[in-house]
Amino acid sequence: MPERRSRADAARNREAVLAAADALFARSESPADITMADVASEAGVGKGTLFRAFGDRAGLLRALYEARLEPVREAVEAGPPPLGPAAPPQDRVPALLDAVLCFKLDNRRLALALEEGGSSSPYQAEHYERWHTLLEALLEQIPSLTNTAFTAHALLAATRADLVEHLAGEERIPRETLRKQCADFAARVLASRYLEEPSAEK
C-alpha cells in the first residue's frame, strides 16, 4: 500500500509540474529565462522533485513537448485522411507539415524553448527524427522523387520554431496565411523537376 501511494503521489506531482510548466511557457515572453525553480514554485513542489522526475530543464521541456504532441501523434498514426495512414503520400506530406506548423503556432514559446535550449542539436531530438523519418518514407513513395532525406529536412525547415516565432510574432503574419504559404511551398517542392533523377543522356 505505501508503495502504491508513493507511485500515485509521484504521478500527481508529475502532472502538476507539467501543468505548471505549460502555464509558465504559455504566458512568458522570454521562455529561455524560465528556470526549474520557477516551475517548482508554480507547481508547489520542491526542486528536487523536478530533478528526480525529469533530470534537468531539457528533460522537463521534452516531457512537456511530448505530452502536448500526443494528439498530433495519434492522428498521424491512426487518424483519418489526409493526416492518417490511409491517405496517399501526395496528400499526407502537406497535411503532416500543416499539423506540425499548427502545433508550433499553438505552442510557440514551448517549441522555441525546446529548440533553442536543448543540450544537443535540434535535429537529433526524438520528435524531429520521428517527423523526418516519416516524411522521408512518404517522399520515397512518390514516383520520380529523389534526394528524399534532404527534401524532408527542407520541408521541416519551414516549421522551425524560430522561423514560426519570427513570422507569427515579429512579422505578424496571420495563422491562415502561414498555413497557406506552407501548403503552397510543399506543393511546389513535390512538383519540382529538380527532384527527379538526373537524365542519363549526355
Side-chain angles (χ1 to χ4, degrees), residues 1-79 83 96-134 156 159-176 178-179:
M1 184 69 70
E3 183 179 350
R4 184 180 303 172
R5 184 179 300 114
S6 178
R7 288 198 299 268
D9 289 344
R12 281 195 297 271
N13 283 340
R14 180 182 178 86
E15 291 303 315
V17 167
L18 290 177
D22 197 9
L24 282 173
F25 283 109
R27 66 175 183 255
S28 174
E29 292 298 321
S30 181
D33 294 338
I34 295 176
T35 66
M36 293 288 271
D38 295 331
V39 177
S41 176
E42 181 81 5
V45 301
K47 281 202 302 181
T49 299
L50 266 69
F51 285 104
R52 284 192 297 272
F54 303 101
D56 56 15
R57 185 176 183 274
L60 172 60
L61 289 173
R62 287 192 297 269
L64 179 56
Y65 194 90
E66 289 297 325
R68 297 295 295 271
L69 193 60
E70 183 62 27
V72 179
R73 186 163 52 244
E74 290 179 354
V76 170
E77 293 177 353
L83 189 56
L96 178 59
L97 284 180
D98 183 64
V100 174
L101 174 63
C102 287
F103 178 83
K104 297 287 184 72
L105 287 167
D106 292 337
N107 299 274
R108 282 166 49 191
R109 301 293 188 267
L110 173 60
L112 194 63
L114 181 63
E115 292 186 12
E116 288 188 341
S119 57
S120 61
S121 166
Y123 301 106
Q124 296 176 348
E126 180 181 353
H127 62 88
Y128 185 88
E129 291 183 354
R130 182 189 307 128
W131 297 139
H132 182 267
T133 298
L134 177 56
L156 285 172
T159 68
R160 275 186 58 95
D162 52 358
L163 177 60
V164 171
E165 178 64 23
H166 174 74
L167 296 175
E170 297 179 26
E171 296 194 4
R172 299 185 180 277
I173 298 177
R175 179 189 184 95
E176 292 308 311
L178 285 175
R179 293 181 66 192

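In this text the structure is predicted, and so the values were computed from the model without any measurement.
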query = Could you go step by step and tell me if Asp38 and Thr35 meet the side-chain hydrogen bond (donor to acceptor under 3.5 Å, both in side chains) rule?
reply = CA-CA 5 Å; Asp38 295 331; Thr35 66; 3.1 Å; yes
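- Distance check: Leu96 CG to Trp131 CH2 gives 6.0 Å after rounding to the nearest 0.5 Å.
- From Leu60, atom CG reaches atom CG of Leu18 across 6.5 Å, with rounding to the nearest 0.5 Å.
- Between Arg68 and Asp106, the shortest heavy-atom contact is NH2-O, 4.4 Å.
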task = Check step by step if side chain to side chain contact (heavy atoms under 4.5 Å, CB included) holds for Arg73 and Glu66.
result = CA-CA 9 Å; Arg73 186 163 52 244; Glu66 289 297 325; 2.7 Å; yes
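- Tyr128 and Tyr123 have perpendicular rings, their planes meeting at more than 60° on a 0 to 90° scale where under 30° would count as parallel.
- Note that CZ of Arg109 and CD1 of Ile34 are 9.5 Å apart. Values are rounded to the nearest 0.5 Å.
- Checked by atom type and distance alone, the side chain of Thr133 pairs as donor or acceptor with a backbone atom of Glu129 at under 3.5 Å.
- With Val164 as the partner, the side-chain contact (heavy atoms from CB on, under 4.5 Å) test is satisfied by one option alone out of Asn107, Leu101, Leu112: Leu101.
- The two residues Ala161 and Lys104 come nearest to each other via the heavy atoms N-NZ, 3.9 Å.
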Worked check of side chain to side chain contact (heavy atoms under 4.5 Å, CB included) between Phe103 and Thr159 = CA-CA 9 Å; Phe103 178 83; Thr159 68; over 6 Å; no
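- One distance of note links CZ of Arg57 with CG of Leu114; it measures 9.5 Å at 0.5 Å rounding.
- Ion pairing between Glu15 and Arg12 fails under the 4.0 Å rule for side-chain N and carboxylate O.
- Here the straight-line distance linking atom CD of Glu70 with atom CD of Glu77 works out to 7.5 Å at 0.5 Å rounding.
- Between Glu126 and Arg130 there is a salt bridge, with a side-chain nitrogen of the basic residue lying less than 4.0 Å from a carboxylate oxygen of the acidic one.
- Nearest heavy-atom pair across Arg14 and Ala63 is NH2-CB, 3.8 Å.
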Residues Met36, Val17; criterion side chain to side chain contact (heavy atoms under 4.5 Å, CB included); working and verdict = CA-CA 10 Å; Met36 293 288 271; Val17 167; over 6 Å; no
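- Interatomic distance, Cys102 SG to Leu178 CG, rounded to the nearest 0.5 Å: 9.5 Å.
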request  = For side chain to side chain contact (heavy atoms under 4.5 Å, CB included), just list the numbers for Glu170 and Glu165, CA-CA rounded to whole Å, side-chain angles, deciding distance to a tenth of an Å, and then say yes or no.
outcome  = CA-CA 7 Å; Glu170 297 179 26; Glu165 178 64 23; 5.5 Å; no
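- Nearest approach of Glu42 to Ala20, heavy atoms of both residues: CG-CB, 3.4 Å.
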